[in-house]
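Below: the structure, in C-alpha cells.
In this text, all values refer to a predicted model and were calculated from it rather than measured experimentally.
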Amino acid sequence: MNLPEAMKVSTRALYKNKMRSVLTGLGVIIGIAAVVALVSIGQGVSRKIESQISALGSNLLMILPGSTSMGGVHGGFGSVNTLMPSDAAAIANQIPDALYVSPGVRWVGQTVYQNQNWATSIMGVGSSFPMIRDWPITEGNFFDKEDVDAAANVCAIGQVVKEQLFGGIDPIGKIIKIKNLPFRVVAVMAAKGTAGFGQDQDDMILAPYTTIQKKLLGIDYLSFIFVKAISSSSVNAAQQEIESLLRQRHNIKTGSDNDFTIRNVTDMLAAVMNITGLLTIFLGSIASISLIVGGIGIMNIMLVSVTERTREIGIRMAVGAKRRDILLQFLLEAVTLSTIGGIIGIILGSILSITAGSFIKIPISINVFPVLIAFFFSFAVGVFFGLYPATKASKLNPIEALRYE
Amino acid sequence: MSQDTRQDNNGIVVKVVGLKKTYFLDHVAVPAIKEVNLEIPKGSFVSITGASGSGKTTFMNILGCLDKPTEGEYFLQGTDVSSFTPDRLAEIRNERIGFIFQNFNLLARTSAMENIELPLVYSGTSRHERVKKALELLEMMGLKGFEKHFPQQLSGGQQQRVAIARALVNSPSIILADEPTGNLDTKTSYEIMHVLKKLNEEMGVTIILVTHEHDIAAYAQRIITFRDGLIVSDTVNHEK
Ligand SMILES: Nc1ncnc2c1ncn2[C@@H]1O[C@H](COP(=O)(O)OP(=O)(O)O)[C@@H](O)[C@H]1O
Ligand SMILES: [Mg+2]
C-alpha cells in the first residue's frame with residue numbers, strides 16, 4: 001500500500017471517530033500552544049531587555065563609585081565619593097583603548113521656562129557624551145570642550161523636556177532656569193526611550209559636568225564616568241587597564257577591594273541574555289510537559305483503538321495487508337492527529353502570545369524557528385507515542401484477530 | 001520441486017503432504033491435524049465436513065496461508081509456502097486466495113464498494129482499475145445500487161455476496177469458505193450456495209468449503225470428511 005492510500009485510510013478512521021479525535025488532539029493543541037506562547041513571550045521580553053541595554057551605547061564601560069562587594073552593608077553605589085574628575089582625565093590620557101571618556105554627575109530638580117516648569121533629571125556630562133551613548137542630536141549643536149572647561153551655562157534637552165517646557169516653540173537659544181540658574185538651550189537630543197533601568201531617557205537635561213558641580217551642587221566628586229572603548233574587542237582590555245589605573249590612583253593595596261565598580265555593558269547584555277535565554281528554555285520545558293501529556297493521550301487512545309479494531313486488522317491482514325501496511329496505517333493516524341493538533345496549537349499559541357504581548361506592552365513576533373521546532377515536535381510526538389500501538393497492531397496474529405469479538 | 005511444478009501443470013492447485021498441526025496449551029500438545037495428505041485439482045468444488053473440533057478450521061487456515069503447519073508441506077500451485085515469512089504469506093493471500101467467512105468479516109462503516117476494493121488496495125492497483133473491477137463484481141452478485149451501502153444496512157445474504165465479490169476481486173487461485181452459510185437462514189443459504197456453484201461451473205473457480213450441514217456439502221463434487229485431525233473419507237458426490 002502506498003503512502004497516499006495509507007493516508008486516506010488513516011484520515012478516514014480519524015474522521016469516523018470525530019469527537020474522540022478532537023479530544024485526543026486537544027492534548028497536543030494545548031501543549032504546542034503553551035510552548036509557542038511561552039517561548040514567543042520569553043523571546044519578546046528578551047528582545048526588549050536587550051534593546052534597552054544596547055540603547056545605553058555600544059562598547060560602553062560605566063565606572064561607579066563604591067565597591068560591589070560593599071553591597072548593602074555600606075550603602076552601595078554612589079554613597080562614597082571616590083570618583084574624581086582627575087580620574088576621568090587620567091583614563092582619557094593614559095588608557096589607549098579608551099576612545100571617549102565622559103565624567104558625570106546626577107541631580108534631580110525643577111526646571112523653568114517662562115511660566116512652564118517641569119521636574120526632571122539633570123546630568124552633568126562631558127562633551128563626548130553623545131558619541132559615548134550613540135545618541136544623535138536633532139536640533140542645534142551639543143556643547144563642546146570649551147563650554148565644559150569654562151563651566152558654561154548651556155544645556156541640551158531631551159524630547160520629553162522639550163515637549164513639556166516648549167511645546168511647539170523652537171527651544172534653541174532659549175534660556176531655561178535650573179535652581180534659578182539660567183541655562184541656554186544649545187541642542188535637542190533625539191528620542192531614545194526607556195533605558196534598561198526603567199527611567200525615561202528623553203526626560204533629561206544634559207549640561208557640562210563642571211557647571212553642575214561648581215554652580216549647582218558645589219561638589220568636586222563625580223557620580224559616574226562613562227568610557228567608550230575603541231572597539232568591541234578592546235572593551236575587556238580597557239576594563240582591566242582602567243581597573244589597575246584606578247587602583248593605583250586610589251592607593252588600593254593588593255588584596256583589598258576596589259572602591260569603585262566597572263560595569264561592562266557588553267557583559268551586562270550577555271548576562272541578561274543568558275538569564276532571559278534560560279528563562280525562555282525553562283518556560284518552554286515546562287510547557288513541553290503538557291505536550292508529553294498530550295502524547296500520552298494519543299498513545300492511550302491509539303491502544304484503545306487498536307484493541308477495538310482488532311477484527312478490522314484481521315480482515316485487512318487476511319486480504320493481503322503486510323505488517324508494514326498495518327504499522328503505517330496506525331502510525332499515520334497518530335502522526336496526523338499530532339501534527340494537525342500541532343498546527344492548530346501553533347496558530348492558537350501565536351494568537352495567545354500576541355494578545356498577551358499587547359497587554360504587557362511587549363512586541364511579540366512569531367519567529368519561523370520556534371514554529372518549525374514546534375511543528376517538528378508535534379510530528380515527533382505522534383511518531384514516538386504512535387509507534388508502540390502501531391507495532392502492537394502490526395504484530396497481531398491474523399487468525400486470532402479475525403476471531404476477536 | 002520439479003515434480004510438483006509438473007503436478008501443477010497437471011492442474012493440481014492444492015497439494016498437501018504429511019501435514020501436521022499441533023497446538024500447545026500449557027505445554028500440553030493438542031494435535032489438531034494428525035496427518036493429512038491431499039490433492040485438489042483446478043476447478044474443483046470440494047466440501048470438507050466433520051464434527052466440531054475435528055480440525056476443519058485449522059486445515060482451512062493453513063490452506064489460506066493464515067497459519068503454518070507444524071510439519072509437512074503445502075504446495076499452492078506448485079510453490080511450497082509452508083516456510084514463507086508472514087509478509088510473503090500476506091502477498092500469497094492477496095494474490096491467490098479469496099476468503100469467505102461465516103460472519104462475513106466486512107469492514108464496518110465502510111461502503112460495499114470499498115469493501116470489495118480492499119484486496120486491490122493492498123496489491124497496489126490503481127483507483128480507476130479498482131472501481132472498474134469492484135463494480136463488475138458488485139453487478140455480478142446482483143447488488144447494483146448498493147454501492148454506497150454500509151454492511152450494517154445490508155441483509156446477511158447481501159453481506160455474504162459482498163464478501164464473495166471481495167474474495168473474487170483479485171482473481172484468486174482458490175476460494176476458501178469456512179461455514180459461509182452458518183449465519184444465514186436456509187433460503188439464503190441455498191441462494192449463496194447457488195452463487196458459489198455457478199462461479200465454479202461457469203467460471204471454473206476452485207472452491208473449498210467447510211460445512212457440517214449435509215445439504216450444503218451436497219453442492220460440491222467431492223466431499224472430504226475429517227475426524228480427530230484425520231481424513232476418514234474422501235468421496236465423489238454421486239448426487240451431482
Ligand atoms: N489456537 C488454538 N490453540 C489451541 N488449540 C486449538 C486452537 N485452535 C484450535 N484448537 C484445537 O484444535 C482442534 C481442532 O479445532 P478446529 O480446527 O477449530 O476444529 P473445527 O473447525 O473442525 O471445529 C480442537 O480440539 C481445538 O480445540
Ligand atoms: Mg471450525
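In this structure the side chain of A:Arg316 reaches within 4.5 angstrom of the side chain of B:Leu107, judged on heavy atoms. For the pair A:Arg311 and B:Asn103, the minimum side-chain heavy-atom distance is below 4.5 Å.
For B:Arg127, the part lying under 4.5 angstrom from a heavy atom of chain A is the side chain only. Proximity to chain A (any heavy atom under 4.5 Å) is restricted, for B:Asn61, to the side chain, taken from C-beta onward. When heavy atoms are compared at a cutoff of 4.5 Å, A:Arg12 approaches chain B solely by way of its side chain, counted from C-beta outward. Interface remark: B:Leu106 contributes backbone atoms only to the contact with chain A (heavy atom separation under 4.5 Å).
Within residues 321-337 of chain A, the residues having any heavy atom under 4.5 Å from a heavy atom of chain B are, by residue number, A:Ala321, A:Lys322, A:Arg323, A:Asp325, A:Gln329. Residues of residues 17-34 of chain A lying under 4.5 angstrom from chain B, judged on non-hydrogen atoms, do not exist.
More than 12 non-hydrogen atoms from other residues, nucleotides or ligands lie less than 6.0 angstrom from NZ of B:Lys34. Environment of CZ in B:Phe45: crowded, with over 12 heavy atoms of neighbouring residues, nucleotides or ligands closer than 6.0 Å. By the 6.0 Å contact criterion, CZ on A:Arg47 is enclosed, its count of non-hydrogen atoms from other residues, nucleotides or ligands being greater than 12. B:Met140 CE: more than 12 foreign heavy atoms inside a 6.0 Å radius. Enclosure of atom OH in B:Tyr23 by more than 12 non-hydrogen atoms of other residues, nucleotides or ligands within 6.0 angstrom is indicated. Around OH of A:Tyr388, the count of heavy atoms belonging to other residues, nucleotides or ligands within 6.0 Å does not exceed 12. In this structure, A:Lys16 places its NZ atom where more than 12 heavy-atom neighbours from other residues, nucleotides or ligands lie under 6.0 Å away.
When every heavy atom of B:Leu118 is checked against every heavy atom of A:Ile315, the shortest pair comes out as CD2-CG2, 4.3 Å. Here the closest non-hydrogen pair linking B:Asn94 and A:Val319 is ND2-O, 2.7 Å.
Counting heavy-atom pairs closer than 4.5 Å to chain A, the top residue among B:Ala167, B:Ser123, B:Ala90 is B:Ala90.
A salt bridge is absent between A:Lys8 and B:Glu114: the closest approach of a Lys/Arg side-chain nitrogen to an acidic carboxylate oxygen does not fall below 4.0 angstrom.
Interatomic distance, CD of A:Glu5 versus OG1 of B:Thr125, reported as 9.5 Å (0.5 Å rounding). In this structure, A:Arg403 CZ and B:Phe101 CZ are separated by 12.0 Å, a value rounded to the nearest 0.5 Å.
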